[in-house]
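Following: one structure in structure tokens, then a few remarks.
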Protein chains: 2
Amino acid sequence: MLESHYSDIRSLEVFAAMDDDQFEALMRGSYVQNFPPQIELISEGEPSDFLHIVLSGSVDLFSSWNGRETSMATIHPISTFILAATIKDAPYLMSARTLEKSRVVLIPSQDVRAIFMRDAEFARAIVGELAQCYRTAIKSTKDLRLRTSLERLANYILRQQKRAGGSAKIELLTEKRRLASYLGMTPENLSRAFKGLVPYGVTVNGNRIHITDQEDLERFAKPSPLIDDYRT
Amino acid sequence: MLESHYSDIRSLEVFAAMDDDQFEALMRGSYVQNFPPQIELISEGEPSDFLHIVLSGSVDLFSSWNGRETSMATIHPISTFILAATIKDAPYLMSARTLEKSRVVLIPSQDVRAIFMRDAEFARAIVGELAQCYRTAIKSTKDLRLRTSLERLANYILRQQKRAGGSAKIELLTEKRRLASYLGMTPENLSRAFKGLVPYGVTVNGNRIHITDQEDLERFAKPSPLIDDYRT
DNA sequence: CGCAGCCTTGACAAATGTCAACAAACGTGG
DNA sequence: CCACGTTTGTTGACATTTGTCAAGGCTGCG
């Protein structure tokens with residue numbers, strides 16, 4: 001692959017501390033590809049042949065069962081996904097598809113596992129990454145189990161606001177139908193949920209959200225660091 | 001702590017490959033305690049001072065928010081819990097309480113982190129453990145998002161049956177109210193769900209479950225290795 | 001025995017999903 | 001740039017699922 005991406009990838013936490021030679025070896029065996037939107041990169045159940053890294057664009061992780069489908073997460077640059085499957089040499093538990101035109105690095109899982117066995121710093125970095133993934137998954141489970149869809153939406157809005165710098169006006173960067181799926185509801189239900197938040201100081205116009213009463217919204221949403229914080 | 005537990009703990013995947021000296025050091029700094037039932041061992045939000053290992057009995061991991069509470073998992077001997085928090089030196093995301101009289105090892109998190117930094121084999125073993133935890137969490141999320149409570153119960157029964165060796169008659173080893181919480185529903189709803197499974201070949205009496213029509217139940221439950229398998 | 005806790009049941013309410021219709025936004029080809 | 005068709009979002013009516021409340025039965029234990 002092209003040298004030009006090296007530094008971007010290298011600066012990822014997972015690769016930052018590892019040995020130079022090992023990193024070079026990983027990169028030499030990898031591919032970079034450009035994908036148009038809506039391309040299914042991997043399908044759940046398949047063997048995990050490659051560790052993926054999104055360089056640009058974005059990728060949706062989703063799962064299906066019995067004709068139903070749900071969006072599990074959205075991956076933004078620059079980060080890896082399906083690390084756990086790669087390490088365990090186990091089948092993917094989620095499918096992935098590009099949401100927009102995206103540039104993706106594919107590193108053969110075999111290589112990752114080989115270097116994982118050789119390079120202790122890499123192994124330690126992977127621990128950090130997996131622990132983070134695990135904790136994120138637990139938070140997401142708590143969100144689902146402990147909150148109604150209206151509460152999930154309210155907290156989602158607060159999280160996005162925080163991400164965007166705290167302004168009272170924010171933009172939805174995702175399609176509403178996908179947001180609905182991510183929040184575990186139907187598009188129709190999401191439409192009504194937005195209306196249901198009006199009494200708590202939220203108005204929506206297209207993908208522009210206006211928080212007219214921050215305190216009211218927070219009083220209703222009751223955000224918790226143990227569910228909503230990206231860090232911790 | 002007493003030598004007698006060493007071998008049990010040592011045989012855990014996380015500790016199996018690590019250096020003898022390191023293992024000794026870990027054990028020297030640790031405590032073993034007996035707890036009566038219903039004791040809260042840790043509370044979510046607290047700093048993670050100890051890595052815990054259940055030697056006997058069982059422990060419930062649960063979470064609360066806004067007056068609601070949900071059971072997230074049950075830990076059986078012999079296994080660790082809250083490893084991710086220990087490694088990240090981050091607050092617990094879940095609380096834990098004994099379900100019965102239980103014997104628990106407490107290893108100071110500092111020690112675990114120190115040895116994690118020193119012993120590469122330990123670090124690699126932790127990767128395996130965390131990847132497993134992560135994948136289990138993903139499966140649980142899929143179960144919640146993609147299935148109705150009736151479907152979750154049906155698949156739970158099939159999983160328990162498999163665990164118990166495949167017999168058509170199995171025992172519920174947990175209180176129904178806790179099972180309900182684990183499955184993400186109310187006790188009342190669980191009662192009705194059991195009745196709702198009668199047409200699919202399941203009858204319940206107390207904590208004895210009888211699968212009268214295996215095929216019918218499986219046709220309804222549609223178990224999937226990507227959600228229901230313990231391994232993979 | 002009598003209390004306490006769990007489980008069950010029924011009646012009802014709230015949350016969420018489904019279906020159908022329509023409006024709005026978007027993209028494509030002329 | 002417009003016309004067209006496709007997709008997405010919204011809305012209403014309704015069905016299903018799930019939760020809530022209250023009552024009563026069952027069980028285990030002092």
Side-chain angles (χ1 to χ4, degrees), chain A residues 36-38 60 64-71 97 99-101 143-156 171-200 202-209 220-221, chain B residues 36-38 60 64-71 97 99-101 143-156 171-200 202-209 220-221:
Chain A
Q38 306 300 332
D60 186 39
S64 311
W65 178 80
N66 196 25
R68 292 164 219 166
E69 183 183 305
T70 184
S71 174
R97 82 180 132 226
L99 289 171
E100 34 182 332
K101 199 165 159 303
D143 192 43
L144 269 174
R145 298 177 87 120
L146 293 168
R147 290 172 171 162
T148 67
S149 59
L150 197 60
E151 290 163 343
R152 288 199 296 276
L153 176 59
N155 281 289
Y156 175 85
E171 293 241 343
L172 282 181
L173 23 68
T174 134
E175 262 183 323
K176 285 186 184 163
R177 64 196 337 264
R178 252 181 24 82
L179 174 59
S181 177
Y182 172 70
L183 292 174
M185 51 178 141
T186 58
E188 294 95 325
N189 200 357
L190 177 62
S191 260
R192 287 167 189 133
F194 273 123
K195 293 207 160 170
L197 286 183
V198 171
Y200 302 107
V202 177
T203 57
V204 181
N205 198 315
N207 55 3
R208 272 184 299 283
I209 297 183
F220 171 73
Chain B
Q38 305 300 334
D60 186 38
S64 311
W65 178 80
N66 195 26
R68 293 163 219 167
E69 181 182 310
T70 184
S71 175
R97 83 180 132 226
L99 290 170
E100 34 183 332
K101 196 164 160 307
D143 192 42
L144 269 175
R145 299 178 84 120
L146 293 167
R147 290 171 171 163
T148 66
S149 60
L150 197 61
E151 291 164 341
R152 288 199 296 278
L153 175 60
N155 280 289
Y156 175 85
E171 292 242 344
L172 281 182
L173 22 69
T174 134
E175 260 185 324
K176 283 187 184 162
R177 63 194 343 264
R178 254 184 20 83
L179 174 58
S181 177
Y182 172 72
L183 292 174
M185 51 177 141
T186 58
E188 294 95 325
N189 199 357
L190 178 62
S191 260
R192 287 165 188 134
F194 273 123
K195 293 206 160 171
L197 286 183
V198 171
Y200 302 106
V202 177
T203 58
V204 181
N205 198 316
N207 55 3
R208 271 185 301 282
I209 297 183
F220 171 73

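Note that the structure is predicted; figures quoted are calculated from it, not measured. So that the names make sense, note that chain A is the first sequence line, chain B the second, and so on, each numbered from 1.
As rounded to whole Å, 13 Å separates atom P of C:dT8 from atom CG of B:L197. In this structure, CZ of B:R177 is placed 16 Å from P of C:dA4, rounded to the nearest angstrom. One interatomic measurement links the two molecules: CG of A:L172 to C1' of C:dA25, which rounds to 15 Å at whole-angstrom precision. One atom, CG of A:L183, and another, P of C:dA15, lie 17 Å apart when rounded to the nearest Å. Atom CG of A:L190 and atom P of D:dT8 are 14 Å apart (whole Å). Rounded to whole Å, atom C1' of C:dT18 lies 13 Å from atom CZ of A:R68. Atom C1' of nucleotide D:dT8 and atom CG of A:N189 are separated by 17 Å, given to the nearest angstrom. Nucleotide C:dA25 holds its C1' atom 13 Å from the CZ atom of A:R208, rounded to whole Å.
With hydrogens and angles left out, the side chain of A:R192 and the base of D:dG12 share a donor-acceptor pair within 3.5 Å. Between the side chain of B:E188 and the base of C:dC7, no donor-acceptor pair of N or O atoms lies under 3.5 Å.
The residue A:G196 sits apart from the nucleic acid: no heavy atom pair falls under 4.0 Å.
Side chain of A:S71 to main chain of A:S181: no donor-acceptor pair is present (N/O by atom type, distance under 3.5 Å, no hydrogens or angles).
A distance of 15.0 Å separates CD in B:Q38 from NZ in B:K101, rounded to the nearest 0.5 Å. Interatomic distance, B:R192 CZ to B:T186 OG1, rounded to the nearest 0.5 Å: 7.5 Å. Interatomic distance, CG of B:L183 versus NZ of B:K176, reported as 12.5 Å (0.5 Å rounding).
Under 4.0 angstrom from either OP1 or OP2 of D:dT10 there lies no side-chain N or O belonging to A:K195. Taking side-chain N and O atoms only, B:T186 has a distance below 4.0 Å to OP1 or OP2 of D:dG19. Taking only side-chain nitrogens and oxygens, A:S149 comes nearer than 4.0 Å to OP1 or OP2 of C:dT16.
In this structure, the side chains of B:L197 and B:F220 come closer than 4.5 Å at one or more pairs of heavy atoms.
Rounded to 10 degrees, the angle separating the terminal axes of the helix from C:dC1-D:dG30 to C:dG30-D:dC1 is 40°, with each axis obtained from five end pairs.
Heavy-atom minimum distance, A:R145 versus B:G184: NH2-N, 3.6 Å.
Legend: residues meeting ring pair (Phe, Tyr, Trp, His ring centres under 6.0 Å) with B:Y156, ordered by chain and number and at least two apart, are absent.
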